[in-house]
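Proteins get letters first, then strands, A, B, ... in listed order; numbering begins at 1 in each.
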Amino acid sequence: MIKKLNRNFYNQPTLKVAKELLGKYLVVKMNGEILSGKIVETEAYIGYKDPASHAYRGMTPRNSVMFGDPGYTYVYFTYGMHHCLNLVTEKKRYPAAVLIRALEPTSGIESMKKRRKRKDLKDLSSGPAKLCQALGVDLKLNGADLCSDIIYVEDRGETIEKIGSSSRIGITEEKKRKWRFFIRNNEYASR
DNA sequence: TGAATGATCACG
DNA sequence: GTGATCATTCAT
């Protein structure tokens with residue numbers, strides 16, 4: 001049985017959401033076309049005390065959606081050319097989100113290949129900026145409602161056997177927190 | 001290993 | 001306004 005994740009799902013402890021998102025399906029509707037992929041890698045960014053989080057120094061125009069209600073997207077632009085997609089978690093005024101780091105493409109694959117200018121399936125969405133490019137996610141989708149029909153996550157009843165964890169990628173100095181989660185032995189994770 | 005490439009933020 | 005930084009990717 002397939003069901004769309006509701007706001008209650010996102011209104012839970014972020015580490016739990018980050019782990020439970022593995023094996024779920026991210027769906028984006030672009031120009032009447034359905035693009036989707038299985039989530040195989042995530043990272044958690046939690047609260048004011050997480051030095052790696054954009055919310056560490058308080059609310060700014062860019063990160064304000066992280067401080068809002070759960071179940072919305074937080075999309076940001078970085079390195080002058082890349083977008084990354086987060087799903088906002090936990091209650092209002094508590095800044096937290098899960099970064100979607102990698103997908104296993106499942107539908108809209110031809111369209112993803114065209115946008116990525118790559119044809120190897122493992123090069124389509126095996127990184128946070130790659131999957132945004134593949135799905136056409138940009139700043140126009142910042143703050144989008146995950147309970148809408150534009151972008152959402154589906155539970156297709158799959159269970160994950162082995163979840164791995166590690167420190168987060170691209171974070172200098174921060175190694176203590178093992179807040180990156182991935183499906184073990186999955187070909188489509190990053191690195 | 002380093003270049004690409006520009007928004008964002010802290011500072012003053 | 002300015003300068004440093006950047007939750008990355010790709011080619012060398």
query = Do you see a donor-acceptor pair shorter than 3.5 Å between the side chains of A:Arg115 and A:Gln133?
reply = no
inquiry  = Pairing donors with acceptors under 3.5 angstrom, does anything connect the side chains of A:Ser166 and A:Arg180?
reply    = yes
remark   = For DNA chain B, the dot-bracket notation using Watson-Crick and G-U wobble pairs below 3.5 Å, [ ] for pseudoknot-type crossings and | for other-strand pairs, is ||||.||||||.
query = What's the OH-P distance between A:Tyr56 and C:dA7, to the nearest Å?
reply = 14 Å
message = Counting only heavy atoms and a strict 4.0 angstrom limit, can you tell me which residues of residues 182-191 of chain A come near DNA chain B?
response = none
query = Distance check: side-chain N/O of A:Arg62 vs OP1/OP2 of C:dC6, anything under 4.0 Å?
reply = no
message = Side chain of A:Thr78, heavy atoms from C-beta onward: which of B:dA10, C:dC6, C:dA7 has the nearest atom to it?
response = C:dC6
note = Picking from B:dC9, B:dA7, C:dA7, the nucleotide nearest the side-chain atoms of A:Ile171 would be C:dA7
request  = Looking at every strand, decide which applies to A:Phe77 at a 4.0 Å heavy-atom threshold: base, sugar-phosphate, or nothing.
outcome  = sugar-phosphate
message = Within a 6.0 Å radius of atom OH on A:Tyr48, are there more than 12 heavy atoms belonging to other residues, nucleotides or ligands?
response = yes
message = So A:Arg168, base contact, sugar-phosphate only, or nothing? Heavy-atom distance under 4.0 Å.
response = nothing
inquiry  = Heavy atoms from C-beta onward define the side chain here; which of C:dT8, B:dA10, C:dA7 lies closest to that of A:His82?
reply    = C:dT8
query = Would you call A:Lys38 and A:Glu158 a salt bridge, using N to O less than 4.0 angstrom?
reply = yes
ask   = In whole angstrom, what separates A:Leu85's CG from C:dA7's C1'?
value = 12 Å
message = From C-beta outward on A:Met81, which listed nucleotide comes closest to its side chain: B:dA10, B:dA4, C:dA7?
response = B:dA4
request  = Round to a whole Å and report the spacing from NZ of A:Lys122 to P of C:dT9.
outcome  = 17 Å
Rounded distance in Å - OH (A:Tyr74) to C1' (C:dA7) = 9 Å
task = State whether the aromatic ring of A:Tyr79 stacks on the base of C:dC6, taking stacking to mean ring centres under 5.5 Å apart and ring planes under 30° to each other.
result = yes
Side-chain H-bond candidate by donor/acceptor type, A:Glu90 with A:Asn11, under 3.5 Å = no
inquiry  = Which nucleotide wins on minimum distance to the side chain of A:Ala129, given the candidates C:dC10, C:dA7, C:dT8?
reply    = C:dT8
message = Centre-to-centre under 6.0 Å for A:His54 and A:Tyr76, is that the case here?
response = yes
message = Going by salt bridge (charged side-chain N to carboxylate O under 4.0 Å, His left out), name the pairs with one or both residues in residues 49-66 of chain A, residues two or more places apart or in two chains.
response = A:Asp50-A:Arg168
key: A:Leu87 CG - C:dA7 P separation (whole Å)   = 18 Å
message = Looking at C:dC10, I'd like to know if its phosphate oxygens (OP1 or OP2) sit under 4.0 Å from a side-chain N or O belonging to A:Lys130.
response = yes
key: Distance-only donor-acceptor check, side chains A:Tyr45 and A:Glu43, under 3.5 Å   = yes
request  = Apply the test salt bridge (charged side-chain N to carboxylate O under 4.0 Å, His left out) to residues A:Lys140 and A:Asp138: give CA-CA distance (whole Å), side-chain angles for both, the deciding distance (0.1 Å), then the verdict.
outcome  = CA-CA 5 Å; A:Lys140 290 194 297 297; A:Asp138 60 18; 2.8 Å; yes
request  = Return the value, rounded to whole Å, for the distance between atom CZ of A:Arg116 and atom C1' of C:dT9.
outcome  = 8 Å
task = Kindly confirm whether the side-chain ring of A:Tyr76 is stacked on the base of C:dA7, judged by centres under 5.5 Å and planes under 30°.
result = no
key: Expected output: side-chain A:Thr42 to main-chain A:Ala18 donor-acceptor under 3.5 Å   = yes
ask   = For the pair made of CZ in A:Arg177 and P in C:dA7, what is the distance, rounded to whole Å?
value = 15 Å
ask   = Which sits closer to the 5' end of DNA chain B, A:Asn63 or A:Gly80, going by the nucleotide each is nearest to?
value = A:Gly80
task = Check for a donor-acceptor pair, side chain of A:Thr73 on one end and backbone N or O of A:Leu141 on the other, with a separation under 3.5 Å.
result = yes
query = A:Leu99 side chain: which of B:dC9, B:dA4, C:dA7 is closest?
reply = C:dA7
remark   = When rounded to whole Å, the CZ to P distance for the pair A:Arg57 and C:dC6 reads 9 Å
